[in-house]
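Scope of the values below: all heavy atoms of this structure, side chains included, with no hydrogens, waters or symmetry mates. The structure displayed is predicted, hence computed values, not measured ones.
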Amino acid sequence: MIVKQKWFVTAKKADFQAIGARFGIDPVTARIIRNRDIVGNDAIADYLDCSTRQLHNPHLLKDADAGAEILAKKIHEGKKIRVIGDYDIDGVNASYILITALRICGAQVDHVIPDRVHDGYGMNCGMVTRALEDGVDTMITCDNGISAAEEVAFAKQSGLTVIITDHHEVPFSIVSVNGNQQKQYRIPAADAVINPKQADCAYPYSGLCGAAVAWKFIQVLYERMGIPIERSFEMMAHAAFATVGDVMELTGENRTIVKLGLQAVHKTEHPGLLALIQQNHLEREQIRSWHFGFVLGPCINAGGRLDTAKRSLELLLESSPEKASLLARELVELNDRRKNLTQQGVEEAKRYIEEKSIAEDKVMVIYLPQCHESLAGIIAGRIREMYHKPVFVLTNAQDGGVKGSGRSIEAYSMYEEMTKCSGLMTKFGGHPMAAGLSMEKENVDRFRTDLNAYSNLTEEDFIEKVHIDVPMPLYYIRTELIREFECLEPFGKGNEKPVFAVRDIHPLHADIVGKNKNVLKMVVEDGDGGYMDAVYFGDIEAFLEFLREKSSIQQVDALLHGAPQQIRFSVTYDPSVNTYLGKEKVQIIIRNYC
C-alpha cells in the first residue's frame, strides 16, 4: 500500500542572508534553523552552541530535594535500597544511572528489572513482597511507577519507603465538576514522586525520558552527599542514549543532552558501550543519534524482548572489557533474531488486515495470537508507517489474557483516546504517540469497535504530510554545505533531518545493484544545470511501477538499459558525501517521489 502524501514547503520568514552573515553559516542553513522555530539571535546562538549552561536546574523538579534527603538518610543508616527499572532502553539506562550513582554515594543497593512476559510493565505487588522478604527498606523506581498507585499503597502499608522517578503521563480520569468535564489526576502516595509531567512541577521542560529524569535527580543527590555534580556527567552518554532510543523530542534540553552525550560517546572508555559499538562494527567517533536509535538501541531492547533485560543492564554495569564483549555479542545476535521475527509478524499483520477487511478502519486493531508479545510495538510501528493510521497489535499473554502495544500518528493522542474505553482494559499506560495495554480476550472486538466509534479522525489525518525545508537545485549542493549541516545535529523526533526537494529531474540511466538487488542507483539532472548521482533504498519495484504509470513501460525499460527517454519526476532528498577508494563524491539519497 502506498500512503497518500501532501508535500508542503515550509516558508517561515526571516532575513536568511543576515542570519548567515552573523553566524557564519549558509543562508540555507539559516532557513532550516528558522523552520525549527528557532527565532532571535540568542536562541540561534544557543541552538548552534548547545552547552551545559542550557541544562535546567535539577532542584526545580518537584520532590527532587525531598527524595535526595530521604536517600541520603537511608544511605547514612545503611538501609538496603532496591532500584525497580524497566525492560526497555530507557529503563535499562535509567537503572544503570541510579545504581551507579547510589554505589558512588556508598549505598547498599541492588536492582530488579521486570520480565516483560512474566511480570509485565513496571512495579507490581510481587516485587513488593519479594523486597520485604529480602530485607529491603527503600524502593526507587525509574521509567515507571507513576501509574502504580495500588502497588505503592501496598508497599507503604507494608512499611517500605518508596521513591518514584518517571516521565510517563500521569494517569487521570474524566470527571464532571459543575457540569464541566475535567481531568482528575491520580498520583501514587509515594514518599517522593519525581516526574516533570506533574501539573504542579516547576521544572521548565517536561519532555525528559526516564533516564534523563534519573540523571537530573542524581545531581541533586550528589550535592546532598557532598559529591561534585560534575561526576554526574560521567553518565551523560546514557541519558542521551535513552533519550534517542525512547524517541523523545530532540528539542530544548533534550537536544542539549543528546548533543553533549554524543560528544561523551566519542571519547568513552565505558566497557559496555565500547563493546556494543565494536560488535556492531563501528568506531566510537562515528556514532550519531541515528546509531543510538537504529543500531545500538535495538540491541539493548532485544534483551528485554526475547530474553531478559537483565542481560542488557549487566552489559552496562560490566567493568571487564572481555566479559562486556561477550555480552554485547549475545545482544547483537538476539537483535538479529528479533529482526527476523519482526518481519514474520509484519507479514502476518498484513494478512490479518486483508482477511478481516480493516484497512478502512480509522484505528487499526490487529490481533495476532501467536506473535511474541515483545514485538507487538515494533510491528504496530511498521503497520502505522504503511497506512499512516493509529495501530494496536494485540497478542495472547501467558496469563490467559491479551497484551498489546500501540503506535500513533500526530493527529491521534493514543493515551488520551484509550481513557475513553478504560473499562475494557485491565491495565494501560503510555504517551500520545505510543501505549501499552492488557485486557481479557473477550474484549478485543469491543475494543476495536469503541476506539473507532470514539475517534474523530478524518481522511485528511491519514494523508502523510511531507514538509520540505528548502527546494534546492542540484547545482547548489556542495561538500562544504553538507558538512555544515552537521551543526544542526543531533537529528531525531522534533529536530528531523532537513528535507530538500527538486522538481522534474531527468534520470539519464539507472541500475539495480546491491547484494540483494535492493538499491537503485541513477544519474540525474535537473533543468538548472545540476548533474548528480542519486540513490534510492526503498521499495524499488513500487518506484519503477510509479515511473511506468507516469511515463510508460517502454520508457522505464529504456532507462534501465541506458537508452534515451523522457522520464521526469520530483523528489525530496538528503544530500550526502559518498567516499569510495579515498575519493569523495556528492550524491543525493531519494526519500519521497511524485
> What are the two closest heavy atoms between A155 and V162, and how far apart are they?
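Result for this residue pair: CB-CG2, 3.7 Å.
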> On a heavy-atom basis, which atom in T243 and which in A212 lie closest, and how many Å separate them?
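Looking at all heavy atoms of both residues, the shortest contact is OG1-CB, 4.5 Å.
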> Work out which heavy atom in M225 is nearest to a heavy atom in C105; give both atom names and the distance.
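It is CE-O, 3.6 Å.
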> Closer than 3.5 angstrom, by distance alone: can the side chain of T395 be matched with the main-chain N or O of E373 as a donor-acceptor pair?
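Pair absent, no side-chain N/O of T395 close to backbone of E373.
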> Is a side-chain donor-acceptor pair under 3.5 Å present for S576 with D574?
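No pair is found: no donor N or O on one side chain lies under 3.5 Å from an acceptor on the other.
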> Got L313 and I99 here, is their nearest side-chain heavy-atom distance under 4.5 Å?
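Side chain of L313 against side chain of I99, heavy atoms only: contact under 4.5 Å found.
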> Determine the minimum heavy-atom distance between N254 and G207, stating which atoms define it.
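Of all heavy-atom pairs spanning N254 and G207, the closest is ND2-O, 2.8 Å.
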> Inspect the surroundings of CD in E77 and state if more than 12 heavy atoms from other residues, nucleotides or ligands are less than 6.0 Å away.
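Correct, the count exceeds 12.
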> Could you tell me whether K80 and D134 have a side-chain N and a carboxylate O separated by less than 4.0 Å?
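Salt bridge absent between K80 and D134.
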> Ion pair present between R53 and D46, side-chain N to carboxylate O less than 4.0 angstrom?
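Result for this pair is yes, salt bridge flagged.
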> Do the side chains of F392 and M414 get nearer than 4.5 Å, heavy atoms only?
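Yes, side chains in contact.
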> Compare all side-chain heavy atoms of L55 with those of K216 and state whether any distance is below 4.5 angstrom.
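Side chain of L55 against side chain of K216, heavy atoms only: contact under 4.5 Å found.
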> Take a 6.0 Å sphere around NZ of K323 and say whether it holds more than 12 heavy atoms from other residues, nucleotides or ligands.
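Result for NZ/K323: open.
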> Hey, does K339 have a side-chain heavy atom less than 4.5 Å from the side chain of T342?
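Of all side-chain heavy-atom pairs linking K339 with T342, none is under 4.5 Å.
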> Under 3.5 Å, is there a donor-acceptor pair linking the side chains of S408 and Y415?
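No.
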> Donor-acceptor pair, distance only, cut-off 3.5 Å: does the side chain of H266 make one with the backbone of I287?
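Checked: pair present.
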> Between E223 and Q219, do the side chains contain an N or O donor and an N or O acceptor separated by less than 3.5 Å?
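No, no side-chain donor-acceptor contact under 3.5 Å.
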> Ignoring hydrogens, what is the shortest heavy-atom contact between I89 and A242? Give both atom names and the distance.
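What the structure gives for the nearest pair is O-CB, 4.2 Å.
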> Does atom NZ (K493) have a neighbourhood of more than 12 heavy atoms from anything else shown, all under 6.0 Å?
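Atom NZ in K493 is packed in, count exceeds 12.
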> Answer yes or no: are there more than 12 heavy-atom neighbours, outside K310 itself, under 6.0 Å from its atom NZ?
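Counting other residues, nucleotides and ligands, NZ of K310 stays at 12 neighbours or fewer.
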> Looking at CG of L262 and CD of E489, how far apart are the two atoms once the value is rounded to the nearest 0.5 Å?
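CD of E489 is found 8.0 Å from CG of L262.
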> Check R186 with E150, please: is the shortest side-chain N to carboxylate O separation under 4.0 Å?
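No.
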> Please check: side-chain N/O of R305 versus main-chain N/O of S374, any donor-acceptor pairing under 3.5 Å?
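Yes, because the side chain of R305 sits within donor-acceptor range (under 3.5 Å) of the backbone of S374.
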> Please check this pair: side chain of R382 against backbone of G345, looking for a donor-acceptor N/O pair closer than 3.5 Å.
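No, the answer is negative, given that no donor and acceptor are paired below the 3.5 Å cut-off.
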> Can you check whether H168 reaches K197 side chain to side chain, under 4.5 Å on heavy atoms?
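No. Closest side-chain heavy atoms not under 4.5 Å.
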> Between Q343 and E347, does a side-chain hydrogen bond (donor to acceptor under 3.5 Å, both in side chains) hold up when you go through it step by step?
CA-CA 6 Å; Q343 188 54 43; E347 295 304 319; 3.0 Å; yes
> Answer with yes or no after comparing the ring centroid distance for W215 and Y96 against a 6.0 Å cut-off, counting only values under it.
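Ring centroids of W215 and Y96 are no less than 6.0 Å from each other.
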> Looking only at side chains, do H59 and D65 share a donor and an acceptor under 3.5 Å apart?
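The criterion, which ignores hydrogens and geometry beyond distance, is satisfied for D65 and H59.
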> Hey, is the main chain of L296 close enough, under 3.5 Å, to the side chain of N280 for a donor-acceptor pair?
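Pair absent, no side-chain N/O of N280 close to backbone of L296.
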> Is the ring pair Y203/H56 parallel, tilted or perpendicular, if the boundaries are 30 and 60 degrees?
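The rings of Y203 and H56 stand perpendicular, inter-plane angle above 60°.
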> Keeping N124 on the side-chain end and G126 on the backbone end, is there a donor-acceptor pair under 3.5 Å?
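Answer holds: yes.
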> Is the Lys NZ or Arg CZ of R255 less than 6.0 Å from the centre of Y47's six-membered ring, within 45° of the axis?
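Yes - R255 lies over the ring of Y47, closer than 6.0 Å to its centre and within 45° of its axis.
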> Tell me whether K156 is salt-bridged to D191, with the criterion being a basic N under 4.0 Å from an acidic carboxylate O.
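Yes, charged N to carboxylate O under 4.0 Å.
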> With no hydrogens and no angle check, is any side-chain donor or acceptor of Q279 less than 3.5 Å from a backbone partner on I277?
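No, Q279 side chain to I277 backbone: no donor-acceptor pair under 3.5 Å.
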> What I'd like to find out is whether the side chain of F154 reaches to under 4.5 Å of the side chain of L160, using heavy atoms alone.
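F154 vs L160: side chains apart.
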> Run the side-chain contact (heavy atoms from CB on, under 4.5 Å) test on L71 and F217 for me, step by step, so that the C-alpha distance in whole Å, both residues' side-chain angles and the decisive distance to 0.1 Å come before the verdict.
CA-CA 11 Å; L71 284 179; F217 175 54; 3.6 Å; yes
> Does CZ belonging to F537 count more than 12 external heavy atoms closer than 6.0 Å?
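Atom CZ in F537 is crowded, with more than 12 foreign heavy atoms closer than 6.0 Å.
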> With respect to T165, which candidate in I146, V193, I140 satisfies the side chain to side chain contact (heavy atoms under 4.5 Å, CB included) definition?
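Among the candidates, only I140 passes.
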> With side-chain contact (heavy atoms from CB on, under 4.5 Å) as the criterion, how do V92 and N301 come out once you've worked through the C-alpha distance, each side chain's angles and the decisive distance to 0.1 Å?
CA-CA 9 Å; V92 168; N301 277 333; over 6 Å; no
> Do N340 and R337 pair up side chain to side chain, a donor and an acceptor below 3.5 Å, judged on atom types alone?
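There is no such pair (donor and acceptor under 3.5 Å, judged by atom type) between the side chains of N340 and R337.
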> For a quick test of reading the model, state the closest non-hydrogen atom pair linking P498 to R591 and the distance between them.
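In terms of heavy atoms, the two residues are closest at O-NH1, 3.4 Å.
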> With side-chain contact (heavy atoms from CB on, under 4.5 Å) as the criterion, how do Y87 and D115 come out once you've worked through the C-alpha distance, each side chain's angles and the decisive distance to 0.1 Å?
CA-CA 7 Å; Y87 41 66; D115 183 278; over 6 Å; no
> Treating S405 as the side-chain partner and A376 as the backbone partner, does any N or O pair qualify as donor plus acceptor under 3.5 Å?
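Checking the backbone N and O of A376 against the side chain of S405, no donor-acceptor pair under 3.5 Å is found.
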> Hey, is CD on E283 packed in by over 12 heavy atoms from elsewhere, all under 6.0 Å?
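It does not: E283 CD has 12 such atoms or fewer within range.
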> Is R231 salt-bridged to E234, going by a charged N under 4.0 Å from an acidic O?
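Between E234 and R231 there is a salt bridge, with a charged N closer than 4.0 Å to a carboxylate O.
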> Taking D143 for the side chain and G91 for the main chain, is one N or O donor matched with an acceptor at less than 3.5 Å?
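A pair under 3.5 Å: yes.
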> When you compare the side chain of L98 with that of H111, does any pair of heavy atoms fall below 4.5 Å?
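No. Closest side-chain heavy atoms not under 4.5 Å.
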> Whether the side chain of E318 engages the backbone of G272 through a donor-acceptor N/O pair (distance < 3.5 Å, no angle test) should be reported.
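Looks like no, no N/O pair under 3.5 Å.
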> Looking at side-chain heavy atoms only, is the closest gap between S147 and E169 below 4.5 Å?
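Side chain of S147 against side chain of E169, heavy atoms only: no contact under 4.5 Å found.
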> If you round to the nearest 0.5 Å, how far is CG of D86 from CD1 of I84?
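Reported value, rounded in 0.5 Å steps: 11.0 Å.
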